[in-house]
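One-based numbering, in listed order, for ligands and for the atoms of each.
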Amino acid sequence: MIMGAAGFFSTVSGCSGDDDGRSLQDAPTGPLILGFSQVGSESGWRLANTRSIQKAAEYHRIDLRFDNAEGSQERQIAAIQSFIDARVNVIAFSPVVEAGWDDVLRRARDAGIPVVLTDRLIETADPALYVSSIGADFVAEGNQAALYLSTEYSGTNRPVSVVEILGAAGSTPAKQRAEGFADTVGAGNRLKVVDREQGDWTKASGEKAMRKLLRRNRDIDAVFAHNDEMGLGAAAVLEDAGHEPGRTPKIVTVDATKAGLRALIDGRLTYVVECSPIIGQLLMRAVIDLFHGGKIPKRVASEIVVFDRTSAAAALPDRSY
Ligand code: GYE
């Protein structure tokens with residue numbers, strides 16, 4: 001178990017590197033040069049993730065070449081190629097979507113540059129294209145959201161109508177939170193996801209999605225929004241429509257940003273599942289170990305933390321994001 005800056009992360013077996021876990025790469029003489037391609041600036045979570053990576057690189061005196069793709073896969077691929085051309089020592093990135101990375105990652109491998117995935121995953125037939133992935137268990141986050149609602153309605157003997165606002169299409173958190181939520185809903189006989197609408201992680205997309213869901217559905221007992229921003233957008237629309245968001249309907253979100261926890265304390269959200277963005281130290285640890293003989297776990301996953309109104313009030317003063 002590794003203690004990250006904002007919680008515990010556990011490693012999964014299958015260390016990269018040769019048998020005794022010796023260094024995969026010969027250590028460079030000067031500072032390590034890390035090329036990092038970030039998804040964008042779409043949410044409070046993402047801004048905290050960027051700050052965590054930049055602060056950790058500075059702390060460890062790693063030369064960080066940082067590119068913000070502002071949501072474009074094409075720009076992420078171009079940034080990774082530029083890191084290859086600049087012959088950085090190591091590349092890391094959070095893939096905006098799962099598909100379409102094999103070609104550029106093969107070029108990184110051909111150039112002898114190891115790649116670390118952060119936050120999200122890629123679809124590939126060749127998992128050797130990256131040495132490690134550091135991020136949250138998004139399926140478990142979806143499980144946890146549905147488990148909360150299932151428990152809340154355990155005394156109800158009627159079907160409970162849930163609507164879902166999805167994160168950006170094709171991204172690991174959107175796919176896996178939906179998968180985890182559906183698995184737990186399907187395991188019971190009370191909750192029913194009666195409708196879904198596509199969002200893109202922003203508050204505006206949550207507002208737009210909730211307006212459409214309200215037009216299509218008369219009775220909504222609960223909303224599951226894949227992140228705080230979309231949940232807050234949904235709450236604003238519900239409030240304008242005369243509902244009491246957080247109570248009728250209940251609203252469950254993921255991330256646990258300060259804005260999310262404040263809304264939880266105010267009663268406008270009902271339950272929040274944490275997904276820690278503070279992975280900078282873990283990334284730099286992996287980068288340093290890659291060149292200085294440490295063992296590189298193939299997977300480092302964060303533990304699940306959940307918040308209700310009481311625990312949010314206790315946690316908020318010390319929140320770093
Ligand atoms: O939930 C959302 C951000 O990849 C886990 O992306 C991250 C997600 C997070 O925009 O707020």
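- Remark: F181 pairs with F224 by the ring-ring contact (aromatic ring centres under 6.0 Å, His included) rule, at least two apart or across chains.
- Linking ILVMFWY residues whenever their side-chain heavy atoms come closer than 4.5 Å, directly or via other members, places I296 and L283 in the same cluster.
- Residue C275 has at least one heavy-atom neighbour below 4.0 Å for each of these atoms of ligand 1: 5 (C).
- Given atom 1 (O) of ligand 1, the protein heavy atom at minimum distance is D255 OD1, 2.6 Å.
- The shortest N or O to N or O distance between N227 and ligand 1 is below 3.5 Å.
- Contacts of R177 with ligand 1, taken as heavy-atom pairs under 4.0 Å, involve the side chain alone.
- Taking any N or O of R46, backbone or side chain, at least one lies under 3.5 Å from an N or O belonging to ligand 1.
- Of the protein's heavy atoms, D119 OD1, 3.3 Å lies nearest to atom 5 (C) of ligand 1.
- There is no path of hydrophobic side-chain contacts, each under 4.5 Å, that joins V254 to I278.
- Side-chain atoms of Q281 and H60 form a donor-acceptor pair, as typed in the model, at a separation below 3.5 Å.
- Nearest to atom 8 (C) of ligand 1 by heavy atom, out of E42, R120, E229, Q176, is R120.
- When each atom of ligand 1 is checked for a heavy atom of P173 under 4.0 Å away, the hits are 4 (O).
- Heavy-atom contacts of S43 reach the following atoms of ligand 1: 2 (C), 3 (C), 10 (O), 11 (O) (cutoff under 4.0 Å).
- Around the CZ atom of R216, the shell of radius 6.0 Å holds more than 12 heavy atoms that belong to other residues, nucleotides or ligands.
- In the displayed structure, F66 atom CZ is contacted under 6.0 Å by more than 12 heavy atoms of other residues, nucleotides or ligands.
- A donor atom on one side chain and an acceptor atom on the other are found under 3.5 Å apart for T50 and Q38.
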